[in-house]
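Worksheet: one structure, shown below.
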Amino acid sequence: MHVAFEGPGAIAARATDRGMTVRTHRLFDGDELPSLGEVERLVVMGGPMNVDETERHPALAEEREWLAEAVRRRIPVLGICLGSQLLARALGAAVRPGRRPEIGVAPVEVGDPDDPVLGGLAPGTEVLHWHGDSFELPDGAT
């Protein structure tokens, strides 16, 4: 988590319901990133900062490297808001201001109930959108 108000919410609840162990790391409180050898899948949450504010938030640069290594290790990763932007940037994709802010609740469809990260939310769920930046999908992303 990058800030206290950007927790895993329904994702953690559904994962717990499916018997998964959920650990939360509060990066804004100084928690370290977990060893990638200790995780089976990752959900990287949002925050109000920009993906490139590495001078103001130096841990973002380390987190981008950590995410790139997670992908190299074939660990399933889901990025939410800032988390998706960090993942995109870590994998070399462009992140830039969107055409307009996207704020509100809207449905998200999950097409694969066996997906290792999102399967518990299939066939879909309502989620809060609150972001102004957008990004290209990195090669191999779905």
Side-chain angles (χ1 to χ4, degrees), residues 1-110 112-122 124-142:
M1 293 172 38
H2 300 99
V3 291
F5 56 86
E6 292 280 351
I11 295 168
R14 295 269 178 91
T16 301
D17 289 348
R18 293 184 72 172
M20 297 178 193
T21 300
V22 176
R23 293 187 308 166
T24 303
H25 295 268
R26 300 168 63 94
L27 301 178
F28 63 91
D29 271 345
D31 287 357
E32 292 186 19
L33 294 166
S35 164
L36 290 172
E38 300 173 5
V39 298
E40 293 180 27
R41 58 189 62 86
L42 297 169
V43 177
V44 183
M45 300 305 299
M49 62 282 291
N50 180 284
V51 69
D52 291 319
E53 286 186 273
T54 55
E55 285 189 30
R56 187 171 173 201
H57 304 281
L60 293 176
E62 178 186 357
E63 188 173 3
R64 291 193 321 225
E65 292 173 20
W66 179 77
L67 288 168
E69 179 60 23
V71 171
R72 280 191 288 277
R73 293 183 185 204
R74 304 189 60 82
I75 296 171
V77 181
L78 170 65
I80 306 292
C81 193
L82 173 65
S84 62
Q85 296 164 22
L86 287 166
L87 181 59
R89 174 71 84 228
L91 299 177
V95 178
R96 59 174 116 358
R99 293 182 304 204
R100 63 184 187 291
E102 296 178 348
I103 301 172
V105 176
V108 171
E109 295 179 19
V110 179
D112 181 0
D114 295 322
D115 182 279
V117 177
L118 291 176
L121 299 175
T125 190
E126 296 273 319
V127 299
L128 174 65
H129 299 265
W130 191 316
H131 53 268
D133 289 340
S134 186
F135 57 91
E136 295 176 5
L137 282 180
D139 289 341
T142 56

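- Here the straight-line distance linking atom CD of Glu102 with atom NE2 of His129 works out to 7.0 Å at 0.5 Å rounding.
- At least one donor-acceptor pair under 3.5 Å links the side chain of Arg64 to the backbone N or O of Val51.
- Here the straight-line distance linking atom CG of Leu87 with atom CG of Leu42 works out to 9.5 Å at 0.5 Å rounding.
- Between His131 and Pro101 there is no side-chain heavy-atom pair separated by less than 4.5 Å.
- Smallest separation of non-hydrogen atoms from Ala70 and Val77: CB-CG2, 4.1 Å.
- The two residues Ala141 and Leu137 make their nearest non-hydrogen contact at CB-CD2, 4.1 Å.
- Of all heavy-atom pairs between Ala88 and Val95, the closest is CB-CG2, 4.2 Å.
- Atom CD of Glu109 is surrounded by 12 or fewer heavy atoms from other residues, nucleotides or ligands within 6.0 Å.
- Judged as a salt bridge (Lys or Arg N to Asp or Glu O under 4.0 Å), the pairs with a partner in residues 133-142 (not counting sequence neighbours) are, in order, Arg96-Glu136.
- Taking each heavy atom of Gly47 and Val3 in turn, the nearest pair found is CA-CG2, 4.1 Å.
- Between the CD atom in Glu55 and the CG atom in Leu60 there is a gap of 12.0 Å [rounded to 0.5 Å].
- Closest heavy-atom contact between Ala15 and Val22: CB-CG2, 3.8 Å.
- Judged by distance alone, with hydrogens and angles left aside, the side-chain atoms of Glu65 form no donor-acceptor pair with the main-chain N or O of Glu62 at under 3.5 Å.
- Partners of Glu63 by side-chain hydrogen bond (donor to acceptor under 3.5 Å, both in side chains), not counting sequence neighbours, listed by chain and number: His2.
- When every heavy atom of Ala122 is checked against every heavy atom of Pro113, the shortest pair comes out as CB-CA, 3.7 Å.
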task: Step by step, work out the side-chain contact (heavy atoms from CB on, under 4.5 Å) result for Met45 and Leu82.
output: CA-CA 7 Å; Met45 300 305 299; Leu82 173 65; over 6 Å; no
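- A distance of 8.0 Å separates CD of Glu69 from CD1 of Ile75, quoted to the nearest 0.5 Å.
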CA sep, side-chain torsions, deciding dist, call: Glu38, Arg23, side-chain contact (heavy atoms from CB on, under 4.5 Å): CA-CA 11 Å; Glu38 300 173 5; Arg23 293 187 308 166; 3.5 Å; yes
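- Of the possible polar contacts, none joining the Trp130 side chain to the Cys81 backbone as a donor-acceptor pair under 3.5 Å is found.
- Atom-to-atom distance recorded for Asn50:CG and Gln85:CD is 7.0 Å, nearest 0.5 angstrom.
- Formation of a donor-acceptor pair under 3.5 Å by the Thr125 side chain with backbone atoms of Leu121 is not found in this model.
- Asp29 contributes no side-chain N or O that, together with a main-chain N or O of Asp31, makes up a donor-acceptor pair within less than 3.5 Å.
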Worked verdict on Leu67 versus Val44 for side-chain contact (heavy atoms from CB on, under 4.5 Å): CA-CA 9 Å; Leu67 288 168; Val44 183; 3.6 Å; yes
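- Summarising the geometry, atom CG belonging to Leu128 is positioned 9.0 Å from atom CD1 belonging to Ile103; distances are rounded to the nearest 0.5 Å.
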